[in-house]
Amino acid sequence: MKRSTVDREKLSPMMAQYMELKDKYEDCIVFYRLGDFYEMFFEDAITASRELELTLTGKNAGLDERVPMCGVPHHAYASYIDTLIEKGYKVAIAEQLEDPKTAKGTVKRDVIQVVTKGTRLDNNLDSKNNNYIANIYDFDYCKGISYTDVSTGEFFCELLEKDNEDIIREIVKQGFKELIVSDNIDRELINTLRVNYGILITITKDIYEDYEYEYIYKDIEDIRLQTTIKHLLHYVLDAKKGDLHHLKKCEIIKKNQTLLFDNNTKRNLELVETIRSRDRQYSLLWLLDKCKTAMGSRYLKNQIENPITNKKELERRYSFVEKISTEFIIRDDLRTVLDEVYDLERLAGRISYGNLNARDLLQLKRSLKALPKIKTLLENLEYDKTIETLDEVTLLLEKTIKEDPPLSLKEGSIIKDGYNSELDELRSISSGSKDFILNIEKEEKERTGIKNLKVGFNKIFGYYIEVSKGQKHLVKDEYGYERRQTLANCERFITPELKEKENIILGAEEKIINLEYKLFMDIREFVKRYISKIQEISKIISEVDMLQAFSIVSDDNKFVKPNLVDTHELKLIECRHPVVEKVIKDKYVSNDIIMDKNTNILLITGPNMAGKSTYMRQCAITVIMAQIGCFVPCKSATMPIFDKIFTRIGASDDLVSGESTFMVEMKEANYAISEATENSLILFDELGRGTATYDGMSLAQAILEYIHDKIKAKTMFSTHYHELTVLENNLKNLKNVHVSAQEEDGQITFLHKVKSGSVDKSYGINVASLAKLPKELIKRSEEILNIYEKDNIKQETFTQTSLFEFNTEEVKEEEKTNEIEEEIKAINPLEMTPIDALKFLYDLKQKIEK
Ligand code: ADP
Ligand code: MG
């Protein structure tokens, strides 16, 4: 049965209310609260029962047929919602707004919150990652982009005057979970993002037009930026429907302050996850993340994805890292206290929104208690920022919140004794009466002589006196017992005295729960005033935590402080790939990477598996480490500050967009050469191998020449076209280097050592034999290679005619021997008569003499 075809006139009042609500939340699955359950109906029920493996049943709603329905218990709804959200759905939670016991007619219900992937601020969020929701507002000639992490309050915006491809690049790199777009946007762009990258997208026109949250954008002058922010704000506020004053003032992203690279580079360099398994383990982030707090880890990830270009700031970070390393005892203390600090940033979000419980406030208290110590340690380290300690908040929380409060706020046991006299009084009444009741059991036993008489409690009858069947006859009228319940083996009674005490207890308990709830809310309101201060503290702690991690990692792995220079000189002495080194330890062979003022391009040759790709990657990784303020995996490092990094590494097809390797390669190459400046770093790993040899080689050469003459970016270019190494003679800023290997009896050993000059052999077959291909196959390939190598000489020289001279005589000579060799190969002596063989030999000799 479809919702759209239902005759609404016939519906029961409850279902009519549901329909009206659902109309407003067409694109959400509506969780509709009915007593102890959240129920879903119609198509929502069908989808949810499938996705959540729930039983699909039906509900009478006044129609001829029952309406499809499924439900989840209200106390367990969070995990069901999580599952739906992870699968890309949006969930609207419709609550009962009045107490069903006292409500007249149908209980009022409304949606209190829409939960979506990008707007979460619950405590099940992955603590090591930011959770961004973004907006793209299309102004035809340019696009406004804004994004926020609702859980932490961070808010950013920028303008992009770029085509769809660049927009996609940007969106994908930032890893946005959810996108809100203006309704005039290019549908093709939206489709690509939705289908190829699985981003949840909502198209709306609505713009925020109120004053309450104006502070977020009012200092931003550009109206277009304001528009994208307001567009995003409308969606977020409408979904959360609560207090979001922890959202910070929006910051404009300044591209020239960050080291830019795209998502492919992020992947290729395995910055935050590995390419194959998409695991954090063995990524650069994994290596560097010795942070103690979730905030530190998130900040570090953020920095790795967006390194900076400000020399002063980088040097400030280096000197603090150095300082922490020298003061390693203070560092130990600092690490120990940072352990006490919880996720303040996200706590601030939940304080503001209100979805926090007493345990969250305990976490806040423990974190705040660590601040004075942190403050002192930072002073000792001469750190240039100070943190406020918020003693009055700590004090209040210390006085009020019990050490082991329940998760729910509606059970009491939250507030400590001695904070509120009314509460203390109610508690003593309640517990006094409880003692009284316990006494009754003793007294009644004595009075009646019934040995196994018990006093018990259940929700239906309250307190009762229980007498077993065997002793029932001992109950006399004069005791004043009133029978309430007869069970198989006992009878239950009440007395007026018992009920009187019960009223006091239950009355007091209800009052206690209500009062504790109110006190909790007051405390929350008090803490709320400190949200922006808590956010400032979080920011400092994130940075300090990251820098202490750098100090630890740098000490453990012998990293050195980079020397940043304003000239175009890159000199990395004994540089290593920090992650590979971590795995293979001292087997790692360090290498120098030297590109002085007069060297912009390193042309790298060497056999497969020699370490070319690793050599290139370690250069980029070193640059990135330097530009987040970390020390670098070298013996010494002199380097300029780079503005952008471009990479084309590996020949994997772009599975997502379904383009061929070669097409992807060329697009990437184009992206690099159109965007790179002389301050950029380009890594091209075996560019051109996705097409026929001569196409590939020619393109590679042309690209090298172009970079050499026009762009002048520092470039590492590995190739297996040995023919390209002659370029060194013509391109004055290009230098050949090769990764050496040793061959002995056909066995190859990789030395992984980079040396100047080029190699003339690719050892492909040796490598193949290492891979244990069948012996006869290897042998045959050696034969074929021999032919090719001879053949090649003529073509090789041909491709170089335009650039280099060659000797025509030599070529002819070669051609002839080849012909003869071919002829010999073509015959089978065993099948020839002696006469034929003699004639063949005679002919050959004639040919040679000619
Ligand atoms: P290529 O790109 O030349 O085919 P790779 O860079 O992929 O070679 O490296 C092949 C393997 O050699 C890597 O898996 C790595 O384990 C090892 N390797 C690379 N460089 C080094 C090095 N400098 N020291 C030790 N082992 C290395
Ligand atoms: Mg390689």
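One is the number of the first residue; the rest follow in order along the sequence. Atoms within a ligand are numbered from 1 in the order they appear, just like the ligands themselves.
Thr599 and Asp596 form a side-chain donor-acceptor contact under 3.5 Å, judged by distance and modelled atom types alone. No side-chain donor-acceptor contact under 3.5 Å links Asn164 and Glu188. Between Asn733 and Lys712, the side chains place no donor N or O within less than 3.5 Å of an acceptor N or O (distance only, hydrogens not considered).
Any N or O atom pair closer than 3.5 Å counts here, and Gly611 shares at least one such pair with ligand 1. Considering backbone and side-chain N/O of Asp685, none are found under 3.5 Å from N/O of ligand 1. At least one N or O atom of Ser613 sits closer than 3.5 Å to an N or O atom of ligand 1. In terms of polar-atom proximity, defined here as any N/O pair under 3.5 Å, Lys612 does make such a contact with ligand 1. Considering backbone and side-chain N/O atoms, Ile584 never comes within less than 3.5 Å of an N/O atom of ligand 1.
For Gly606, the heavy-atom gap to ligand 1 stays at 4.0 angstrom or more.
The side-chain heavy atoms of Lys128 and Lys301, taken from C-beta on, include no pair separated by under 4.5 Å.
With values rounded to the nearest 0.5 angstrom, Asn310 atom CG is found 11.5 Å from Thr258 atom OG1.
Relative to the ring axis of Phe261, Lys173 places its NZ or CZ within 45° and under 6.0 Å from the centre.
Only the backbone of Pro607 comes within 4.0 Å of ligand 1, judged by heavy-atom distances. Under 4.0 Å from ligand 1, not a single heavy atom of Arg617 appears.
In this structure, atom 14 (O) of ligand 1 has no protein heavy-atom contact shorter than 4.0 Å. Atom 19 (C) of ligand 1 is flagged as protein-proximal [any protein heavy atom, distance under 4.0 Å].
With respect to Asn600, the side-chain hydrogen bond (donor to acceptor under 3.5 Å, both in side chains) criterion is satisfied by exactly one of His568, Lys735, Lys714: Lys714.
Here the shortest heavy-atom distance to atom 4 (O) of ligand 1, taken over Arg576, Met609, Lys587, Glu581, belongs to Met609. Proximity annotation for atom 17 (C) of ligand 1: of Met616, Gln618, His752, His752 comes nearest, heavy atoms only. Nearest-residue assignment for atom 24 (N) of ligand 1 (options Val589, Asp586, Val754; heavy-atom criterion): Val589.
Note on ring orientation: taking the six-membered ring where Trp is involved, the planes of Tyr132 and Tyr147 are perpendicular (angle over 60°, cut-offs 30° and 60°).
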Practice task
For the pair Asp685 and Ser613, evaluate side chain to side chain donor-acceptor pair (under 3.5 Å) and give the outcome as yes or no after the intermediate values.
Solution key: CA-CA 7 Å; Asp685 196 0; Ser613 304; 2.5 Å; yes
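At a cut-off of 2.8 Å, Met609 does not coordinate the Mg ion (ligand 2) through any N, O or S atom.
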